[in-house]
Amino acid sequence: MKSNKYLYWTTFVAINGGLLFGLNMAGISGAIDMLKGEFSLTDSGLGTVAALLTIGCLIGALFTGNFTEKYGRKKVMLATAFLYILSALGCAFAGSSSVLIVFRVLSGLAVGATSVVGPMYISEISPAHSRGRLVSMNQFAITIGIVLAYVFDYLLLGLGQDSWRFMLAVPALFSILYLIFLLISFPESPRWLVSKDKKEEAAAVMLKIGGEKLVRSELPQMEKVISEERGKKKMALSELFRGKTGKIVMIGTLIAALQQITGINAVIMFAPEIFKAAGSAKGDSMMQAMIVGLVNFLMTIVALWLVDKKGRKTLLLWGAAGMIFSLIYLSWEFAKPTQYGVGVLAALLVYISFFAASFAPVMWVIISEIYPNRIKGVAMSFSTAISWLCTFLTVYFAPVIQGSLGLEYLFVIFGGFSIIAFVFVKIWIPETKGKSLEQIENELGLI
């Protein structure tokens with residue numbers, strides 16, 4: 001029982017990065033109108049302010065893999081906690097759109113680093129039988145962050161024209177708690193410790209996490225695989241794109257890209273604006289956005305329950321199918337002269353539900369599982385960076401497409417990518433349920 005408590009505590013601390021991820025991504029949604037007026041932003045300028053966070057995410061994700069291999073997972077997490085505090089306070093006190101953009105990019109660096117190191121760390125400390133559920137807890141924390149962002153935005157609306165400053169300051173409070181948790185009692189990844197010849201420290205961490213059984217069952221296999229990887233020559237970046245390794249990196253990168261270009265972050269970030277376009281008042285649209293965040297949160301619980309029962313591939317297929325049908329309905333709804341507000345809300349909730357129970361957590365599970373330890377840091381960084389590039393393009397162009405063509409065309413585009421996602425998962429995604437990381441590596445022919 002003691003070891004389970006330590007595993008859950010360690011996972012809880014790690015997923016606080018995910019909570020901050022959600023707060024930073026969705027926290028701007030309630031401030032969009034005020035920012036537009038405060039800094040006289042056009043649709044394109046607004047898209048820039050909203051989307052440049054994702055450029056920071058791309059850069060943070062791209063370089064985090066090397067940092068996690070060199071300095072360890074824990075030190076990278078500590079660095080992100082400091083970045084979260086600094087960026088939130090910088091955004092809150094911004095006196096111009098340029099200053100706001102700088103600190104939004106800084107916030108993005110932290111979010112991008114978290115998106116790599118969080119799932120990586122949890123996958124490395126988790127026993128095989130519960131790894132899918134525990135890695136998915138990171139996505140669960142992201143949804144909690146999104147809900148909290150909507151709730152705080154709604155509660156702070158009444159503070160006047162400067163209430164956007166308070167909205168953007170909220171992540172600083174949670175960042176301080178995250179930093180304290182990391183400093184109190186948080187271990188390094190045992191796989192990283194073994195790779196740095198710190199076997200005794202790794203065994204001590206595994207003993208606290210899963211007891212003698214975990215040490216006996218996984219430590220020898222971990223040592224063997226890492227020893228074999230060490231015997232190979234140092235990995236060149238070009239290896240990521242060659243042979244069997246290249247195929248696995250392609251699979252992980254495409255699933256990461258498809259998670260984003262099916263539209264989720266545009267919907268989350270601009271949910272209040274979508275509801276306003278369907279005829280809701282400002283206060284009502286924020287309340288409806290809170291409902292979207294709540295459904296996102298609840299359906300992620302369904303994913304936690306199913307990911308180690310039904311498997312990764314099944315959830316992805318069902319998720320893509322549900323997203324396709326809801327996006328088709330939304331396209332039809334916004335093509336009409338007037339919208340049925342309840343129908344728009346219901347369809348968006350269906351879209352969010354299927355995404356939250358599938359692509360939202362399962363993508364992170366897949367890419368944390370399929371890459372061998374020797375290239376894991378660099379490969380996860382590459383895939384996550386491509387994911388953030390797709391997020392940037394989606395969030396940047398969403399308001400532009402909405403303003404020039406209309407929401408119906410935006411949802412048609414997202415629906416088309418959802419169809420591609422379904423076909424890709426059906427053909428290419430392997431099932432990794434219930435297998436150790438070393439077993440997955442062996443079955444994929446990477447040892």
Side-chain angles (χ1 to χ4, degrees), residues 18 20-29 31-32 35-36 39 41-65 80 83-84 87 90-91 97-116 118-119 139 142 145-146 149 168 171 252-271 273-274 355 359-360 363-364 367 380-405 409-411 413-414 416-418 420-421:
L20 288 161
F21 179 144
L23 279 170
N24 279 274
M25 288 300 293
I28 197 173
S29 62
I32 283 174
L35 290 174
K36 206 169 181 179
F39 301 121
L41 298 172
T42 62
D43 285 342
S44 178
L46 181 61
T48 300
V49 170
L52 273 177
L53 176 137
T54 61
I55 290 296
C57 294
L58 190 159
I59 297 168
L62 198 56
F63 292 100
T64 295
T80 63
L83 279 176
Y84 278 128
S87 61
C91 287
S97 59
S98 299
V99 173
L100 180 63
I101 285 170
V102 168
F103 282 103
R104 285 282 289 171
V105 172
L106 197 62
S107 173
L109 290 176
V111 172
T114 296
S115 66
V116 174
Q139 180 64 33
I142 294 172
I146 291 169
L168 298 183
T253 302
L254 285 176
I255 193 66
L258 286 166
Q259 186 209 44
Q260 294 304 322
I261 59 179
T262 48
I264 186 60
N265 274 305
V267 171
I268 291 293
M269 201 171 287
F270 298 109
E273 301 304 304
I274 293 171
F355 180 86
F359 278 81
M363 185 280 279
W364 300 109
I367 68 169
M380 282 194 68
S381 280
F382 177 76
S383 295
T384 309
I386 295 298
S387 173
W388 282 116
L389 175 61
C390 292
T391 306
F392 168 75
L393 294 173
T394 303
V395 173
Y396 179 81
F397 284 108
V400 177
I401 294 171
Q402 176 185 348
S404 58
L405 298 177
Y409 286 96
L410 184 65
F411 290 125
I413 292 168
F414 292 153
F417 282 125
S418 297
I420 293 171

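When a residue number appears, it is its place in the shown sequence, counting from 1.
- Of the possible donor and acceptor atoms, one in the side chain of Thr262 sits under 3.5 Å from a partner among the backbone N and O of Leu258.
- Once rounded to the nearest 0.5 Å, the distance linking OG1 of Thr114 with CD1 of Ile142 reads 9.0 Å.
- Considering only heavy atoms from C-beta on, Leu62 stays 4.5 Å or farther from Trp388 through its side chain.
- Partners of Ser97 under the side-chain hydrogen bond (donor to acceptor under 3.5 Å, both in side chains) rule, at least two apart in sequence or in another chain, do not exist in this structure.
- Shortest non-hydrogen contact noted between Thr391 and Met25 is CG2-CE, 4.4 Å.
- Summarising the geometry of Ile261 relative to Phe417, their closest heavy-atom pair is O-CD1, 3.2 Å, with the distance given to 0.1 Å.
- Between Ser383 and Ala256, the shortest heavy-atom distance links the atoms O-CB, 3.6 Å.
- Between Thr384 and Trp364 there is a side-chain heavy-atom pair separated by less than 4.5 Å.
- Note: Leu23 CG to Ile146 CD1 = 9.0 Å, rounded to the nearest 0.5 Å.
- Shown here for Ala266 and Thr394, the closest heavy-atom pair between the two residues is CB-CG2, 3.9 Å.
- Using a 4.5 Å heavy-atom threshold, the side chains of Phe39 and Leu100 count as touching.
- Checked against side-chain hydrogen bond (donor to acceptor under 3.5 Å, both in side chains), Ser107 has the following partners two or more places apart in sequence or in another chain: Asn24.
- Interatomic distance, Met380 CE to Ile367 CD1, rounded to the nearest 0.5 Å: 4.0 Å.
- Atoms CG and CD1, on Leu393 and Ile55 in that order, are 7.5 Å from each other to the nearest 0.5 Å.
- Separation of atoms CD1 (Ile386) and CD (Gln260) is listed at 12.0 Å; rounding is to 0.5 Å.
- Taking each heavy atom of Phe103 and Ser87 in turn, the nearest pair found is O-CB, 3.5 Å.
- Nearest approach of Leu20 to Pro171, heavy atoms of both residues: CD2-O, 3.4 Å.
- In this structure, the side chains of Leu405 and Leu410 stay at 4.5 Å or more apart for every pair of heavy atoms.
- Ring-plane geometry between Phe411 and Phe414 is classed as perpendicular, the angle between the planes exceeding 60 degrees on a 0 to 90 degree scale with a lower cut at 30.
- Scored by the side-chain hydrogen bond (donor to acceptor under 3.5 Å, both in side chains) test, Gln259 finds no partners at all (sequence neighbours excluded).
- Expressed to the nearest 0.5 Å, how far OH of Tyr409 lies from OG of Ser404 amounts to 10.5 Å.
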